[in-house]
Amino acid sequence: MPTESESQRQHEWPARSFLGGLSDAVRTELLRLGTRCRYLPGETLIREGDHSNHVVLLRSGFVKVTARLDNGHEALLAIRVGGDIVGEMAAMDDGARRSATVTACGEIAASIVRETDLRLFLDSRPEAARAVNRIVVRRLRWANQRRIEFGGYPVKVRLARVLTALAVSYGHHVPRGIVIGVDLTQPELAALTGSAEVTIHKALAELRRDGLITTGYRRTTVLDLKRLRENARLEPPLP
């Protein structure tokens, strides 16, 4: 059974994350599967090109998902935080190589679940199967949206969209606003928005000057989500 501290952490997982979106009973049963492990900062959870097909359930911490480019550089594709699942594509696609590398940023608590165990669990728990499908669809939508935005919006708008998405999906409320709490460097924000680092530096400065965000060590705080959404040219959320 989960410890008291672990149960508390479950309630802190973002509602839109894989674990956060499950009912208590299904989530508790899922977390009994697999092998508990910890990763140190910089350790690799999943390596691009490997033939492994297990999945990793992130209990705490966050990871970066990267892929190699033809020019030898790395592209930052996404971030994943506690409550997320990583490696699900290879687990669902028999025989496929890993399409990206997943690296720990800070200390990670996780569970490694074999592909066969996951499939049996999903077959017997339709709620969990639907949750995996939702996660895959959201990630495909995110990737498609980024491709559209790269060519259609200026950098400040693209950055505002990325920060809005991170705040909504992974942020937690504090008296001043919403803390994203994910340590992303300016080069990594540039990769997420398809822009140059110098341009991201300028866009961040403009958002700070406009009173929309503050930035500090290992955290970004959204001060005014409504106005940030307006800068991102996003429709207001449904009531």
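Considering CD of Glu107 and CD of Glu43, their distance stands at 9.5 Å, rounded to 0.5 Å. Here the OG-CG distance, from Ser99 to Leu77, works out to 8.0 Å after rounding to the nearest 0.5 Å. How far NE2 of His201 is from OG1 of Thr199: 11.0 Å, rounded to the nearest 0.5 Å. Note that CG of Leu45 is 7.5 Å distant from CD1 of Ile112, once rounded to the nearest 0.5 Å. Expressed to the nearest 0.5 Å, how far OG of Ser52 lies from CZ of Arg114 amounts to 14.0 Å. The structure places CG of Leu234 at 13.0 Å from NZ of Lys226, a figure rounded to the nearest 0.5 Å.
Met89 is connected to Leu57 through a chain of hydrophobic side-chain contacts under 4.5 Å among Ile, Leu, Val, Met, Phe, Trp and Tyr, so both are in one cluster. Taken together through direct or relayed side-chain contacts under 4.5 Å among Ile, Leu, Val, Met, Phe, Trp and Tyr, Val26 and Val113 form part of one hydrophobic cluster. In terms of hydrophobic clustering, with Ile, Leu, Val, Met, Phe, Trp and Tyr side chains grouped at heavy-atom distances under 4.5 Å, Val222 and Val162 are assigned to a common cluster. Under the 4.5 Å side-chain heavy-atom criterion for ILVMFWY residues, a single connected hydrophobic cluster contains both Ile178 and Leu159. No continuous path of ILVMFWY side-chain contacts below 4.5 Å connects Tyr39 to Phe62, so the two sit in separate hydrophobic clusters.
Residues His51 and Arg97 are in side-chain contact: their nearest non-hydrogen atoms beyond the backbone lie under 4.5 Å apart. The shortest side-chain heavy-atom distance between Val55 and Phe18 does not fall under the 4.5 Å cut-off. By the 4.5 Å heavy-atom criterion applied to side chains, Leu22 and Leu30 are counted as neighbours. Contact check for Arg47 versus Arg98: no side-chain heavy atoms found under the 4.5 Å cut-off. Looking at Arg27 and Leu31, their side chains come closer than 4.5 Å, going by heavy atoms from C-beta outward.
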Take Leu33 and Leu118 through the test side-chain contact (heavy atoms from CB on, under 4.5 Å) and record every step on the way to the result. CA-CA 8 Å; Leu33 299 179; Leu118 178 67; 5.9 Å; no
Carefully, step by step, assess Leu228 and Leu163 under the rule side-chain contact (heavy atoms from CB on, under 4.5 Å). CA-CA 8 Å; Leu228 185 64; Leu163 294 178; 4.1 Å; yes
With a cut-off of 3.5 Å and sequence neighbours excluded, list every side-chain donor-acceptor pair involving residues 80-88.
residue : atom : partner : partner atom : Å
Asp84   : OD2  : Val81   : N            : 3.0
Asp84   : OD2  : Tyr170  : OH           : 3.0
Glu88   : OE1  : Arg139  : NH1          : 3.0
Glu88   : OE2  : Arg139  : NH1          : 2.9

Below 3.5 Å, can you tabulate the donor-acceptor pairs from side chains in residues 204-214 to any protein atom, sequence neighbours excluded?
residue : atom : partner : partner atom : Å
Arg208  : NH1  : Thr215  : OG1          : 3.1
Asp210  : OD2  : Lys156  : NZ           : 3.1

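Taking both residues in full, the closest heavy atoms of Val155 and Ala203 are given as CG1-CB, 4.3 Å, listed atom of the first, atom of the second, then distance. Taking each heavy atom of Leu189 and Thr193 in turn, the nearest pair found is O-OG1, 2.8 Å. The heavy-atom pair separating Asn53 from Glu115 by the smallest distance is O-CB, 3.2 Å. Residues Ile46 and Ala100 share a closest heavy-atom pair of CG2-O, 3.8 Å. Nearest heavy atom pair, residue Ala90 against residue Ala96, reads CB-O, 4.3 Å. Across all their heavy atoms, Ala104 and Leu40 have their closest contact at CB-O, 3.4 Å.
Residue pairs meeting the salt bridge (charged side-chain N to carboxylate O under 4.0 Å, His left out) criterion with at least one member in residues 190-202, sequence neighbours excluded, do not occur.
Applying the side-chain contact (heavy atoms from CB on, under 4.5 Å) test between Val102 and each of Thr44, Val56, Val63 identifies Val63 as the sole match.
The closest donor-acceptor contact from the side chain of Glu48 to the backbone of Arg68 lies under 3.5 Å.
For the pair Arg161 and Tyr153, the cation sits on the ring face: its NZ or CZ lies under 6.0 Å from the ring centre, inside 45° of the axis.
More than 12 heavy atoms of other shown residues, nucleotides or ligands fall within 6.0 angstrom of atom CZ in Arg227. More than 12 heavy atoms of other shown residues, nucleotides or ligands fall within 6.0 angstrom of atom CE in Met92.
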